[in-house]
Amino acid sequence: MRAGFILGFFFIVVGIPVILGVGSDMFRRWLKHKEAMTTALTHETAEKAAQYAAQVERLEQRVRVLERIVTDRGMGIADEIERLRDAPLN
């Protein structure tokens, strides 16, 4: 009976603090890892967002050029098409 008490007392005084210490260290490392992964994902997402923004800007510029071509020369193009329709073939 005395041996069981000593073993239980040893477990409570030594075992539990050691287990909690190791567990808390593992938890801290896991949190650090998750933080590093989140930071890396944030940087990757920001980089992709910048790339998409640049691509959208390029596409918007192209659309502006096309709009300008259509609106500035729209009437002239229509007149040219009509003249070509009326022109004899060869």
Side-chain angles (χ1 to χ4, degrees):
M1 176 125 183
R2 182 106 172 126
F5 176 75
I6 293 173
L7 187 60
F9 180 76
F10 178 78
F11 178 73
I12 291 172
V13 171
V14 177
I16 291 177
V18 168
I19 291 170
L20 291 177
V22 170
S24 67
D25 184 53
M26 288 173 56
F27 182 70
R28 271 190 238 113
R29 288 181 185 202
W30 178 78
L31 278 179
K32 231 179 208 184
H33 171 72
K34 292 300 265 182
E35 184 179 327
M37 293 299 291
T38 302
T39 302
L41 184 61
T42 301
H43 289 300
E44 182 181 332
T45 302
E47 185 177 321
K48 282 185 180 181
Q51 290 172 354
Y52 291 145
Q55 183 177 8
V56 167
E57 179 62 31
R58 286 191 302 272
L59 291 173
E60 286 176 350
Q61 288 174 356
R62 293 178 73 179
V63 168
R64 279 189 222 111
V65 169
L66 291 172
E67 287 174 343
R68 194 168 52 243
I69 289 170
V70 169
T71 57
D72 292 351
R73 294 195 24 103
M75 294 308 285
I77 291 173
D79 292 339
E80 288 178 35
I81 290 171
E82 288 304 318
R83 268 186 267 131
L84 289 171
R85 283 187 184 152
D86 295 338
L89 296 173
N90 293 335

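Quick caveat, the model's predicted, so the values are computed rather than measured.
Note that CZ of Phe27 is 13.0 Å distant from CG of Leu20, once rounded to the nearest 0.5 Å. Here Leu31 contributes atom CG and Met26 contributes atom CE; the two are 12.0 Å apart, rounded to the nearest 0.5 Å. How far OG1 of Thr39 is from NZ of Lys34: 12.0 Å, rounded to the nearest 0.5 Å.
Cluster annotation: Trp30 is not connected to Met37 through the hydrophobic network of ILVMFWY side chains, with a link wherever side-chain heavy atoms come within less than 4.5 Å. Hydrophobic clustering, with ILVMFWY side chains joined whenever heavy atoms are under 4.5 angstrom apart, keeps Leu59 apart from Val56.
Residue-environment remark: CZ (Arg29) stays at or below the threshold of 12 foreign heavy atoms within 6.0 Å.
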